[in-house]
Visitor: 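Below: one structure in structure tokens.
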There are 2 protein chains.
Amino acid sequence: MSIAGRKVETVDAESKVEESPQDHRMELRLWLRLLTCANMIETEIRRRMRACFDTTLPRFDMMAQLERSPDGLLLGELSRRMMVSNGNVTGLVDRLVQEGLIDRQISPTDRRAARVRLTEDGRATFAKMAKAHSDWIAELLADMPARDQDVLLQRLGSLKSSVQSATGGAIPEPRRRGKT
Amino acid sequence: MSIAGRKVETVDAESKVEESPQDHRMELRLWLRLLTCANMIETEIRRRMRACFDTTLPRFDMMAQLERSPDGLLLGELSRRMMVSNGNVTGLVDRLVQEGLIDRQISPTDRRAARVRLTEDGRATFAKMAKAHSDWIAELLADMPARDQDVLLQRLGSLKSSVQSATGGAIPEPRRRGKT
DNA sequence: GGAAGATGTTTTAGCCTTAAACTATTTTCC
DNA sequence: GGAAAATAGTTTAAGGCTAAAACATCTTCC
């Protein structure tokens with residue numbers, strides 16, 4: 001157990017810790033720093049996506065999902081994979097269709113369902129964006145030793161497990177982005 | 001140097017690595033996992049804030065800033081500290097004033113400027129929210145060994161440095177939240 | 001066959017966010 | 001003193017996000 005950065009040995013099975021209110025300083029600090037890192041990177045990537053390709057992260061994210069499914073996806077499936085609401089997907093799809101990057105067609109077998117997939121143009125455009133995205137991330141992490149990266153990845157795995165077990169795993173990996 | 005999870009020894013000072021296009025798999029994976037963790041936690045905290053206090057993270061964030069400044073803050077100062085735009089602050093302040101949690105008064109010496117501060121009610125309400133917030137974070141991290149938390153904090157520091165040096169430090173810690 | 005429930009999508013309503021335009025006030029500087 | 005520039009804040013326009021309700025279309029099961 002660690003409180004306010006100092007190690008505290010648990011003296012017995014019914015430690016006082018449970019009785020006195022804790023401030024959880026260590027945990028808060030960790031969360032704040034995690035949030036800061038994620039926001040720094042996200043802000044920068046968003047800015048570059050806008051500047052270089054005049055697009056947004058959610059749009060890029062959607063294209064990344066579609067790129068992995070050449071046969072296209074139903075909107076609901078897309079929604080699940082992106083971890084965003086259905087309504088959100090509708091708007092993003094509208095936008096990408098309008099730009100000619102994806103096309104949408106009603107399923108012949110189920111008239112409720114719509115399937116979307118990348119167009120030729122969309123696939124080519126995505127390839128360029130994915131390359132740039134990948135390079136940008138590498139650039140931002142360039143000053144971090146590879147060894148530290150390995151360690152960080154491991155510990156984030158541990159964090160992820162902890163959060164999943166605390167939330168009943170009900171939140172399955174919200175919104176991944178640009179996985180190529 | 002590590003590529004795709006395997007260690008690769010640099011054979012000489014002018015390694016081929018620089019010439020051939022890389023996929024930066026390791027960096028991408030790290031970024032995706034970081035984003036997943038941040039989003040999982042943020043989503044859950046947002047949900048609970050809504051459910052328990054019928055408020056939002058930005059509102060909580062604003063109250064946290066004000067709590068640290070008993071004499072109140074000018075809107076511009078608030079905007080700088082929260083790292084959001086001026087217009088954004090206007091809307092949030094309107095909402096909190098309307099709920100009676102903060103009050104806003106025009107500066108007597110400069111009629112352009114407005115100073116906002118927590119009301120008594122606001123201070124009491126914030127105390128409850130901050131306690132819950134802190135407990136929630138601790139709960140989400142509960143399954144992670146304290147040792148891992150320490151390591152994670154260190155490595156995130158390393159990451160932060162890398163990103164800052166890559167972006168010229170131009171992005172000064174976007175939006176911290178609920179720092180109590 | 002038809003009601004009930006499940007499933008897929010869209011709509012609605014409400015926040016948050018930035019950038020840019022705008023108002024009002026204060027400062028600067030001739 | 002008074003015009004020009006700087007500053008503080010608000011408003012507006014455009015986008016993105018979410019949850020929940022509404023709508024449409026299958027599937028199930030009597």
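Naming: A, B, ... by sequence-line order, numbering from 1 per chain. In what follows, every heavy atom counts, from backbone to side chain, and hydrogens, waters and symmetry copies are set aside. Here the structure is a predicted model, which is why all the values come from computation and not from measurement.
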Visitor: How many whole angstroms separate atom CG of A/Leu75 from atom P of D/dA24?
Guide: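 So the two atoms are 17 Å apart, to the nearest Å.
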Visitor: Which Ile, Leu, Val, Met, Phe, Trp or Tyr residues join B/Leu74 in one cluster when any pair of side-chain heavy atoms under 4.5 Å counts as a link?
Guide: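 ILVMFWY cluster around B/Leu74 holds nothing else.
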Visitor: Can you check whether B/Asn88 has a side-chain N or O nearer than 4.0 Å to OP1 or OP2 of C/dT18?
Guide: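 Yes, because at least one side-chain N or O of B/Asn88 sits under 4.0 Å from OP1 or OP2 of C/dT18.
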Visitor: According to salt bridge (Lys or Arg N to Asp or Glu O under 4.0 Å), who are the partners of B/Asp94, at least two apart in sequence or on a separate chain?
Guide: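 Applying salt bridge (Lys or Arg N to Asp or Glu O under 4.0 Å) to B/Asp94 gives B/Arg104.
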Visitor: Got a sec, which residues hit salt bridge (Lys or Arg N to Asp or Glu O under 4.0 Å) with B/Arg59, two or more places apart in sequence or on another chain?
Guide: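 Testing B/Arg59 for salt bridge (Lys or Arg N to Asp or Glu O under 4.0 Å), a comparison that skips the adjacent residues, returns B/Glu99.
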Visitor: How many whole angstroms separate atom CG of B/Leu73 from atom C1' of D/dA8?
Guide: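 Distance check: B/Leu73 CG to D/dA8 C1' gives 15 Å.
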Visitor: If you define the side chain from C-beta out and look only at heavy atoms, does anything of A/Asp103 sit under 4.5 Å from A/Val116?
Guide: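 No, every pair of side-chain atoms sits at 4.5 Å or beyond.
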Visitor: What does A/Gly87 touch in the nucleic acid at a heavy-atom separation under 4.0 angstrom: a base, only the sugar-phosphate, or nothing?
Guide: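 Answer is base: heavy atoms of A/Gly87 come under 4.0 Å of a base.
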Visitor: Quick one: is D/dG9 close enough that its OP1 or OP2 comes under 4.0 Å of any side-chain N or O from B/Ser79?
Guide: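 Negative; the distance criterion is not met.
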Visitor: Could you pull out the closest heavy-atom pair between A/Ser79 and A/Asn86, with the gap in Å?
Guide: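 Heavy atoms of A/Ser79 and A/Asn86 come nearest at OG-OD1, 2.8 Å.
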Visitor: Describe the nucleic acid contact of A/Thr90 in one word from base, sugar-phosphate, nothing, applying a heavy-atom distance below 4.0 Å.
Guide: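 It contacts base atoms.
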Visitor: If I take atom CG in residue B/Asp94 and atom C1' in nucleotide D/dT12, what distance separates them, rounded to the nearest angstrom?
Guide: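 In whole Å, D/dT12 C1' and B/Asp94 CG are 14 Å from each other.
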Visitor: Take the protein atom CG of B/Leu92 and the nucleotide atom P of D/dT11, then report the distance between them rounded to whole Å.
Guide: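 B/Leu92 atom CG is separated from D/dT11 atom P by 14 Å.
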Visitor: Quick one, which residues of residues 103-119 of chain A touch DNA chain C with a heavy atom under 4.0 Å?
Guide: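 Per residue number, the list reads A/Arg104, A/Arg112, A/Ala113, A/Ala114.
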Visitor: Holding to salt bridge (Lys or Arg N to Asp or Glu O under 4.0 Å), I want the full list of residues that pass it with B/Arg48, two or more places apart in sequence or in another chain.
Guide: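 Applying salt bridge (Lys or Arg N to Asp or Glu O under 4.0 Å) to B/Arg48 gives B/Glu44, B/Glu139.
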Visitor: With sequence neighbours left out, what residues match B/Arg33 under salt bridge (Lys or Arg N to Asp or Glu O under 4.0 Å)?
Guide: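 B/Arg33 satisfies salt bridge (Lys or Arg N to Asp or Glu O under 4.0 Å) with no residue once adjacent residues are dropped.
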Visitor: To the nearest Å, how far apart are A/Asp54 CG and D/dG15 C1'?
Guide: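 Distance, rounded to whole Å: 12 Å.
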Visitor: For B/Gln98 and C/dG14, what is the distance between atoms CD and C1' respectively, to the nearest whole Å?
Guide: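 So the CD-C1' distance, B/Gln98 to C/dG14, works out to 13 Å.
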Visitor: Rounded to the nearest angstrom, tell me the gap between atom CZ in B/Phe53 and atom C1' in C/dC15.
Guide: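 It works out to 19 Å between those atoms.
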Visitor: Output the single nucleotide from C/dT10, C/dC15, D/dG9 whose closest atom is nearest the side chain of B/Arg59.
Guide: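 Among the listed nucleotides, the one closest to the side chain of B/Arg59 is C/dC15.
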Visitor: Could you tell me whether A/Arg95 contacts a base, only the sugar-phosphate backbone, or nothing, with contacts defined as non-hydrogen atoms closer than 4.0 Å?
Guide: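 Since only primed, P, OP1 and OP2 atoms lie under 4.0 Å of A/Arg95, the category is sugar-phosphate.
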Visitor: Nearest of C/dT9, D/dG9, C/dC16 to any side-chain atom of B/Leu74?
Guide: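 When the side chain of B/Leu74 is considered, D/dG9 is the closest of C/dT9, D/dG9, C/dC16.
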Visitor: Between P on D/dC17 and CE on A/Met83, what's the gap in Å once rounded to a whole number?
Guide: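 In whole Å, D/dC17 P and A/Met83 CE are 14 Å from each other.
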Visitor: Heavy-atom nearest nucleotide on DNA chain D for A/Asn86 versus A/Arg50: which residue maps closer to 5'?
Guide: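 Nearest-nucleotide comparison on DNA chain D picks A/Arg50.
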